[in-house]
> 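Questions regarding the structure given below will be posed in turn.
Any value given below was found using the heavy atoms of this structure, including those in side chains, with hydrogens, waters and symmetry copies removed. Read the numbers this way: they start at 1 and go in the same order the structure lists the ligands and their atoms. Note that the structure is a prediction, hence the values are computed from the model and not measured.
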Amino acid sequence: MIRENLDKVTEEIRRACQRAGRAEESVTLLAVSKTMPAEMLEEAHAWGVTEFGENKVQEIVEKAEKLGTQAYHFHMIGHLQKNKVKKAVQLSVMIHSVDSLALARCIDKEANRLGKRQDILLEVNIAQEESKFGVRASDVPELAKEIFKLPNVCLRGLMTVAPYTAFPEENRKYFREMHNLLVDINRQNMDNRPMDILSMGMTGDYPIAIEEGATHVRVGTGIFGERYYAAKEQK
Ligand SMILES: *Cc1c(COP(=O)(O)O)cnc(C)c1O
């Protein structure tokens, strides 16, 4: 199943890139493996997937123990609490869900201890949904300016979780706003190095996100199938 799903997703990515006049290599597929057992990550890995998205540090710890972090690259995409930062920095190639200056400073501190420069993204609540984490778009420039000063983190770009909708076209405007936000900040030249990552688009809307400039799409259900949270919670 995973192989067929991956073929389908890869083909969709290829077509979206074509429509947008972009190179296929400009898009990185993150297989969102939250709640899935290590065996399913191994299967995806056998078909060429190296980037995995997880939303809980504890799951990264467990899967990293089984699979290692050399061939498997873990991306932290869920809300991150300060007491989990140390493990997150140890085990993730990128933290997509930075939503405050305090958290960025905490990551900077742990990265310094580990002698690492941690790649991070700022999570933006682009549709201003009350239920969502992330900073307001209008706060991003100021925050980015402060985060660029931290020596042990590298702010690579922006991330968003667009609203859940049965009509993915409705999210196009949000993806476009995200892209404009990134371009605006890069234009202000706050750091020597421009931000180059836009993490946006999930199973329901990743082709549209790619058309609007996503460099990293996070696909879970479309690769691994439905998640069964209830069964998981009983453990
Ligand atoms: C679960 C999750 C995804 C993947 O969602 P699907 O709809 O299953 O593709 C992407 N991003 C984040 C932040 C998630 O928590």
> Can a donor-acceptor pair be found between the side chains of H75 and E54 at a distance below 3.5 Å?
no
> May I ask you to check whether Q58 and K56 show a side-chain donor-acceptor distance below 3.5 Å?
no
> Can S199 and H96 be counted as having a side-chain donor-acceptor contact under 3.5 angstrom?
yes
> Looking only at non-hydrogen atoms, which of T160, I77, L30, V9 approaches atom 13 (C) of ligand 1 most closely?
I77
> Looking only at non-hydrogen atoms, which of T203, V32, N55 approaches atom 9 (O) of ligand 1 most closely?
T203
> Answer side chain, backbone, both or neither: which part of H96 comes under 4.0 Å from ligand 1, heavy atoms only.
neither
> Closest by any non-hydrogen atom to atom 2 (C) of ligand 1: pick that one out of M202, R218, K34.
K34
> With distance as the sole test, does N171 use its side chain to make a donor-acceptor pair with the main-chain N or O of P163 at under 3.5 Å?
yes
> Check each atom of ligand 1 against the heavy atoms of V219 and keep those under 4.0 Å away; list them by number with element.
9 (O)
> Going by the atom numbers of ligand 1, which of them fall below 4.0 Å from some non-hydrogen atom of G220?
4 (C), 6 (P), 8 (O), 9 (O)
> Could you tell me, atom by atom, which parts of ligand 1 come under 4.0 Å of a heavy atom of T221?
6 (P), 7 (O), 8 (O), 9 (O)
> Is the shortest side-chain heavy-atom distance between R3 and E43 below 4.5 Å?
no
> Below 4.0 angstrom from a heavy atom of V161, which ligand 1 atoms are there? Numbered from 1 as shown, please.
13 (C)
> Under 4.0 Å between a side-chain nitrogen and a carboxylate oxygen: does that hold for E212 and R176?
yes
